[in-house]
Amino acid sequence: MSNDLAGVWEVALSDGVHRIEFEHGTTTGKRVIYVDGKEVLRRDWMFKLVGKETFNVGHSETKATINIDAVSGFAYEYTLEINGKSLKKYMENRSKVTSTWVLNLDGTDCRVVLEKDTMDVWCNGQKIETAGEFVDDGTETHFTLGHHNCCVKAVSSGKRRDGIVHTLLVDGTEIAECTE
């Protein structure tokens, strides 16, 4: 890393929280993007100092774009877009389509993510094998983490505005959902 670091963002995806770092050498025209400390894009001697750089993040290769805009003189503004939306809008939408729980199992921190549209379950960046079943009050998605029996229960809230409520149970104990 050089001293040209212009922006750092944390992006929560199903496969984990990714750190994006952007270096912009305004005198050399250099642009370098790192995802989780690994260089994914480098451009040297760019004569146009404004513009955009597009790259992929995570296992699902989610599209990310850094926009470089001049604000005044030699000052620049850097914004990150994920799947064509501003990071703020993307994260607001993401909270509607996923549920996330963070817990410690047998001394290991686990980040469990449910993708509500597909009912896919991820734990610490790995997609988990699940078995779904219909029950009287909704659905249950069963899986194991280590030696622990886990289940995501999906039940109607009874309120149209709230929709379906997803609850994670580990060995029968409810785990509180976290907000990212």
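Numbers here are sequence positions counted from 1.
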Salt bridge (charged side-chain N to carboxylate O under 4.0 Å, His left out) with Lys85: which residues, sequence neighbours excluded?
none
Side-chain donor-acceptor pairs of residues 65-73 under 3.5 Å, sequence neighbours excluded:
unit_1	atom_1	unit_2	atom_2	d
Thr65	OG1	Thr54	OG1	3.1
Asn67	ND2	Glu81	OE2	3.1

Name all residues meeting the ring-ring contact (aromatic ring centres under 6.0 Å, His included) criterion together with His24; count only those two or more places apart in sequence or in a different chain, and write none if there are none.
Phe22, Tyr76, Tyr78
Could you pull out all residues at least two apart from Lys159 that satisfy side-chain contact (heavy atoms from CB on, under 4.5 Å)?
Ser157, Asp162
With Thr28 via side-chain contact (heavy atoms from CB on, under 4.5 Å) - residues at least two apart:
Lys30
Do any side-chain atoms of residues 165-177 form donor-acceptor pairs under 3.5 angstrom with protein atoms, and if so which ones, sequence neighbours left out?
unit_1	atom_1	unit_2	atom_2	d
Asp171	OD1	Asn149	N	2.9
Asp171	OD2	His148	ND1	2.5
Glu177	OE2	Ser99	OG	3.3

With sequence neighbours excluded, tell me which residues meet side-chain contact (heavy atoms from CB on, under 4.5 Å) with Glu129.
none
Please report, to 0.1 Å, the donor-acceptor pairs under 3.5 Å made by any side chain of residues 121-128, with sequence neighbours excluded.
unit_1	atom_1	unit_2	atom_2	d
Trp122	NE1	Glu115	OE2	3.3
Asn124	OD1	Arg111	N	2.8
Asn124	ND2	Asp109	O	3.0
Lys127	NZ	Asp120	OD2	3.4

Hydrophobic side-chain clustering at under 4.5 Å (ILVMFWY, transitive links): who's grouped with Ile164? Put none if nobody.
none
Suppose we screen for salt bridge (charged side-chain N to carboxylate O under 4.0 Å, His left out). Which residues come up paired with Lys116, at least two apart in sequence or across chains?
none
Those residues at least two apart in sequence (or on a different chain) that pass side chain to side chain donor-acceptor pair (under 3.5 Å) with Glu39 are Arg42
Any ion pair linking Lys96 and Glu92 (charged N to carboxylate O, less than 4.0 Å)?
no
Does Arg43 have any salt bridge (charged side-chain N to carboxylate O under 4.0 Å, His left out) partners at least two apart in sequence or in another chain, and if so, which?
Glu53
